[in-house]
Amino acid sequence: MSTSGLQHNPSATGLLSKEVFSQESYDAELANVFGTCWLFVGHTSMIPNSGDYVSTAMGEDPVIVTRSQDGQIHVLLNKCRHRGNRVCLFDKGNSKSFTCSYHGWGYTTAGDLKAVPFLDAAYGDSFDKSKWGLIAAPRVTDFHGLIFASWVPEGPTLREYLGDAVWYLENMMLDESIGGLEVVPGVQRYRMPANWKLLAENFAGDQAHVMVTHASVLSVRAQNIDHKLGALPGRDVRATGASYGVACNDGDGAPHGLLEIRVGESFYQHDLDQAAAIGPEAVDWVRDRQVARQSNMQAQGADPVPYGFHIGNIFPNFSLVGLGTALDGVGLILWLPRGPHETEVWQWCAVNKDAPDSVRRRQREVLMQQQSAAGVFAPDDHENFERLQNNLRSTEGRKWPFNYEMGRDKRIELDDPPNWPGTVTQALSETNQREFYRYWGELMAGKE
Amino acid sequence: MVDMELTAAATAFLNEEAALLDDHLLDGWLGLLCNDVRYVMPSTAIMPAEAADARERRNALRWGSFGDDDRDMHFWLYDEDYSSLNMRVRRLDTGMAHAELPESMTNHVVSNVIAGQDPLDSELIRVRSKFMVHVVRHENNENTFVGSRWDKLRRTDDGLRLAWRYIELAHPVLPRTISIFF
């Protein structure tokens, strides 16, 4: 990048230079952002048994997330050390080894090189197999089932990196107090012709687009014509509750943005009504869930106790979807960079491990119908991103900065702000987006 | 299982359906569906070669037999009933569904139709077909979706109606998000 990333910090001006989306920025961010940050690579429930593996990616690099024979989780670069061929060709499976189809180098699920054809006939004693295993991410951490990896051997621990987001993830998003989540089989993958940052920042804090981009969903939701869409809290439910944004690690560290953290009895009542149409076991589960979550968060001093979250982004490119209801699965989304003008989106669906089957089915249906590749939300976002990305290819359009001034000068002060971790803002604010680019700029400038 | 007469009838049905979709006559399209229709489209995965029994299970799933491995707990692209398909059409009708503003220019090309009597239900015929759907957005954003369908059509007093559709896209990575029907 020709100029310092810090010059693009919109916290200072509210404006963002479109150089942030250039080819030069892209080439640099693959190393400065994706080469240094903790990145989500999968969930432990995808690889429950020894020998299980799943193929995912860190930035542009394909990785294999494996559980080796001793039960350890490894994140391995999916590239043979000999000539760089892919050694794992499948999305998921169970295997004792990965063998390259070019010259037959074979690796264990821990990444160790174990087979080299013609080893005795053509290699001397100086060849040391132990030095030629698959490249492994030096740090891998299992956070309540979410597997994160980093290419740098030292630096903040995952918990330090998540910072303020730990509390929200543990208590509200991953439902640790009621048995946690598991990912159902199947991954959706699709291309979106837009820079990955525009998608990640949208999930970090873009409350303002919902009423416009997704007006059709809100309109058809009000008509009450489909029971699955009914899971989405309607206007009346939202009107009687409160909704906040949260900037985690505001001003210092990795910025994780959470959007529409919801408070209010109406959300709970809405879920009870929805559950009643499923069956008594669903009502019991929603009630038990509420009691467990309430008492857990109250014991920690949370005031008020949040009911649910709509969406959020863990920097840089991992988003979660909750839609503010107990009856939605938790969407796990990776925004994988594929050039300055293209993103490959990978999405999974997690459901509550200990919920009744009827609830788990509904969670899956609701997420699939709403925030997913063929859902009622994502295609409308796609349309906008496709059009605005064209602006970034426009010679004249590129000259003019984007505006991120919402909620910068005019803050609507919260009467009785929640005492949760991080900076709690009104939902209508671009604080989280400014924070996203603040840290992106620091990384681009080489700040550790 | 191929029945020439049923194949001709099924081909006529699928062609009429494609014309309704391409003309954006979606209420007409809904009219071709049974009230108890199930319309599913799994995500496409690249998996190790399946053993023969796994292939058999997959084939049974394509015709709507879920068996005991709970395939319908998978994260699919579509898993719709009449109510949710109707909701999707009503959403497009709001005039605020940006994914279809302006409407996509689509061409559903249907081919390789094979039809025969359903072995389990005398009212149903089973139909396999291939499709290519060419989608144009704006000036020149063009994508093509390619795939196969496993349909069950029910004989009714009003003619054939769609009771089951299983869509298998040939795209492990979709070229774009989906706001159309196959």
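Just so we're on the same page: letters track the sequence lines, and every chain starts at 1.
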**Q** Is there a donor-acceptor pair closer than 3.5 Å between any side-chain N or O of A/R364 and the backbone N or O of B/H74?
**A**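 Yes; judged by distance alone, with no hydrogens or angles, the pair exists.
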**Q** How far does CD of A/E365 sit from CG of B/D79, to the nearest 0.5 angstrom?
**A**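 It comes to 6.0 Å.
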**Q** Can you tell me which of A/T213, A/L89, A/V217 forms the most heavy-atom pairs within a distance under 4.5 Å of chain B?
**A**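 Of the options given, most contacts go to A/T213.
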**Q** Can you tell me which portion of A/W348 sits under 4.5 Å from chain B's heavy atoms? Options are side chain, backbone, both or neither.
**A**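 For A/W348, the contact with chain B is made by the backbone alone.
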**Q** One thing to verify: whether A/D380 and B/R91 come together as a salt bridge, which I'm taking to mean a side-chain N less than 4.0 angstrom from a carboxylate O.
**A**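 Looking at B/R91 and A/D380, the cut-off is met.
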**Q** Non-hydrogen contacts under 4.5 angstrom with chain A: give the residues of residues 8-28 of chain B involved, or none if there are none.
**A**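 Residues qualifying by a heavy atom under 4.5 Å from chain A are absent, so none.
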**Q** To the nearest 0.5 angstrom, please state how far the CZ atom of A/R191 sits from the CG atom of B/N143.
**A**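 It comes to 11.5 Å.
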**Q** Judged by atom type as modelled, is there a donor-acceptor pair below 3.5 Å linking the side chain of B/H98 to the main-chain atoms of A/S216?
**A**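 It does not hold such a pair.
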**Q** What part of B/T94 lies closer than 4.5 angstrom to a heavy atom of chain A: side chain, backbone, both or neither?
**A**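 The side chain, not the backbone.
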**Q** Residue by residue, which of residues 171-182 of chain B have a heavy atom closer than 4.5 Å to a heavy atom belonging to chain A?
**A**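 Answer by number: B/P172, B/V173, B/L174, B/P175, B/R176, B/T177, B/I178, B/S179.
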**Q** Between A/Q347 and chain B, which part of the residue has a heavy atom less than 4.5 Å away: side chain, backbone, both or neither?
**A**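 Contact with chain B involves both backbone and side-chain atoms of A/Q347.
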**Q** Output the option from B/P42, B/S84, B/P48, B/A45 having the highest count of non-hydrogen pairs under 4.5 Å with chain A.
**A**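 Top count of heavy-atom pairs under 4.5 Å with chain A: B/P48.
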**Q** In terms of heavy-atom proximity below 4.5 Å to chain B, should A/L229 be classed as side chain, backbone, both, or neither?
**A**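 For A/L229, side-chain heavy atoms alone lie under 4.5 Å from chain B.
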**Q** Tell me, for A/Q369 versus chain B, whether the close heavy atoms (under 4.5 Å) come from the side chain, the backbone, both or neither.
**A**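 When you check distances to chain B, atoms from both the backbone and side chain of A/Q369 fall under 4.5 Å.
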**Q** Checking A/R360 against chain B: side chain, backbone, both or neither under 4.5 Å from a heavy atom?
**A**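 Its backbone and side chain both get close to chain B.
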**Q** Once rounded to the nearest 0.5 Å, what's the spacing between atom CD of A/Q223 and atom CG of B/D93?
**A**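 Those atoms lie 9.0 Å apart.
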**Q** What I'd like to find out is whether the side chain of A/M368 reaches to under 4.5 Å of the side chain of B/E80, using heavy atoms alone.
**A**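 No - every pair of side-chain heavy atoms lies 4.5 Å or more apart.
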**Q** Taking side chain as everything from C-beta outward and backbone as N, CA, C, O, which of these in A/K228 sits under 4.5 Å from a heavy atom of chain B? Side chain, backbone, both or neither.
**A**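 Contact with chain B is through the side chain of A/K228 alone.
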**Q** Need one label for A/V187: side chain, backbone, both or neither, based on atoms under 4.5 Å from any heavy atom in chain B.
**A**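 The backbone, not the side chain.
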